[in-house]
Amino acid sequence: AAEAAGAVIAASFYKDKCVEHKGSVDLVTETDKQCEDLIMTKIKTAFPEHKFIGEEESSKEGTPDLTSEPTWMIDPLDGTTNFVHSFPFSCVSIGLVINKEPVVGVVLNPMLKETFTGVKGGGAFLN
């Protein structure tokens with residue numbers, strides 16, 4: 001899911017962007033929304049019973065309560081301001097929380113081709 005969203009970000013990076021404001025400061029682009037939909041669809045296909053907290057979805061509907069159920073936390077385009085200005089410091093950030101504890105995480109910067117991963121009890125890695 002992170003790689004697919006990263007490909008969308010990379011393909012859109014140097015193109016003109018449709019930018020909206022969410023709140024008084026934060027920006028959101030069509031790429032943010034497209035990546036969140038893509039990530040959620042891919043994960044829901046594999047784990048249909050899991051819950052989701054997505055940045056773009058939460059900004060519209062409010063953040064759902066975190067329960068002990070497996071919950072994916074998604075920031076589809078972390079660093080939207082950098083993305084809008086074509087600075088290569090934007091990432092896809094995805095984490096899985098079970099029993100309110102983070103157990104898996106991935107942060108992918110498609111422009112720098114860096115992927116950070118971590119598994120509870122298993123360490124953290126770059127590429």
Side-chain angles (χ1 to χ4, degrees):
E3 289 177 350
V8 171
I9 292 169
S12 304
F13 193 71
Y14 292 108
K15 295 181 179 176
D16 289 336
K17 294 150 182 101
C18 177
V19 181
E20 301 171 12
H21 281 32
K22 60 178 183 183
S24 59
V25 178
D26 291 329
L27 303 177
V28 64
T29 67
E30 286 301 315
T31 305
D32 289 89
K33 297 172 190 176
Q34 182 181 0
C35 288
E36 185 168 280
D37 289 344
L38 175 66
I39 292 165
M40 292 178 112
T41 298
K42 285 189 168 291
I43 295 173
K44 282 179 184 178
T45 300
F47 304 102
E49 292 84 28
H50 287 194
K51 306 290 182 200
F52 292 85
I53 297 176
E55 182 177 0
E56 307 318 323
E57 182 179 273
S58 295
S59 70
K60 292 185 296 191
E61 301 171 14
T63 304
D65 291 333
L66 180 62
T67 67
S68 60
E69 296 179 64
T71 303
W72 294 90
M73 299 182 144
I74 301 164
D75 188 341
L77 205 170
D78 194 0
T80 300
T81 300
N82 287 338
F83 174 76
V84 166
H85 296 289
S86 299
F87 298 143
F89 305 106
S90 300
C91 306
V92 177
S93 299
I94 304 172
L96 174 62
V97 176
I98 301 175
N99 294 321
K100 298 185 180 183
E101 289 191 32
V103 294
V104 173
V106 62
V107 176
L108 177 134
N109 180 327
M111 302 314 296
L112 299 181
K113 297 181 178 22
E114 293 180 332
T115 303
F116 298 86
T117 57
V119 177
K120 184 178 178 181
F125 304 93
L126 169 60
N127 291 354

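The residues of the chain are indexed from 1 along the displayed sequence.
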Where at least one partner belongs to residues 4-15, residue pairs that pass salt bridge (Lys or Arg N to Asp or Glu O under 4.0 Å), sequence neighbours excluded = none

For G6 against L108, the heavy-atom pair lying closest together | CA-CD2, 3.7 Å

Report the residues that fulfil side-chain contact (heavy atoms from CB on, under 4.5 Å) with V19, sequence neighbours left out, ordered by chain and then residue number.
-> K17, L27, T29, V84

V106 versus A2, closest heavy-atom pair with distance | CG1-CB, 4.1 Å

Connected to V107, directly or through other members, by ILVMFWY side-chain contacts below 4.5 Å are F116, L126

Is there a path from I43 to I98 through hydrophobic residues (I, L, V, M, F, W, Y) whose side chains come within less than 4.5 Å of each other?
-> yes

Can you check side-chain contact (heavy atoms from CB on, under 4.5 Å) on C91 and N109, steps first, answer last?
-> CA-CA 4 Å; C91 306; N109 180 327; 4.0 Å; yes

Non-hydrogen side-chain atoms of P76 and I39 separated by less than 4.5 Å | yes

Does a side-chain heavy-atom distance below 4.5 Å link I9 with T31?
-> yes

Kindly write out the residues that satisfy salt bridge (Lys or Arg N to Asp or Glu O under 4.0 Å) with E3, not counting sequence neighbours, or none if the list is empty.
-> none

May I have all residue pairs that pass salt bridge (Lys or Arg N to Asp or Glu O under 4.0 Å) and include part of residues 81-102, sequence neighbours excluded?
-> E101-K120

Any F52 side-chain heavy atom under 4.5 Å of T71 side chain = no

Residue set satisfying side-chain contact (heavy atoms from CB on, under 4.5 Å) with K113, at least two apart, ordered chain then number -> none

Rounded to the nearest 0.5 Å, how far apart are NZ of K51 and NZ of K44?
-> 10.0 Å

Listed partners of K42 passing side-chain hydrogen bond (donor to acceptor under 3.5 Å, both in side chains), at least two apart | none

Answer with yes or no whether the hydrophobic clustering places I74 together with V28; edges join I, L, V, M, F, W, Y residues whose side-chain heavy atoms lie under 4.5 Å apart.
-> no

Using the test salt bridge (Lys or Arg N to Asp or Glu O under 4.0 Å), find all partners of E114 that sit at least two apart in sequence or belong to another chain.
-> none

With sequence neighbours left out, write down each residue that passes side-chain hydrogen bond (donor to acceptor under 3.5 Å, both in side chains) with T115, or none if nothing qualifies.
-> none

Decide, yes or no, whether a salt bridge links E30 with K33 under the criterion of side-chain N to carboxylate O below 4.0 Å.
-> yes

Neighbour count >12 (heavy atoms, 6.0 Å) for atom CG, D65 | no

Beyond-backbone contact of M73 with V97, side-chain heavy atoms, under 4.5 angstrom | yes

Evaluate the side-chain proximity of T117 to N127: yes if any heavy-atom separation is below 4.5 Å, no if none is.
-> no

Is there a chain of hydrophobic side chains (I, L, V, M, F, W, Y, each step under 4.5 Å between heavy atoms) that links F47 to V119?
-> no

Would you say the side chain of E36 lies within less than 4.5 Å of the side chain of D75, judging by non-hydrogen atoms?
-> no

Set of residues satisfying side-chain contact (heavy atoms from CB on, under 4.5 Å) with respect to P88, sequence neighbours excluded | F13, M111, L112

For N82, all residues meeting side-chain contact (heavy atoms from CB on, under 4.5 Å), sequence neighbours excluded = F87, F89, S90

Residues clustering with V8 (ILVMFWY side chains joined when closer than 4.5 Å, directly or via others) = L38

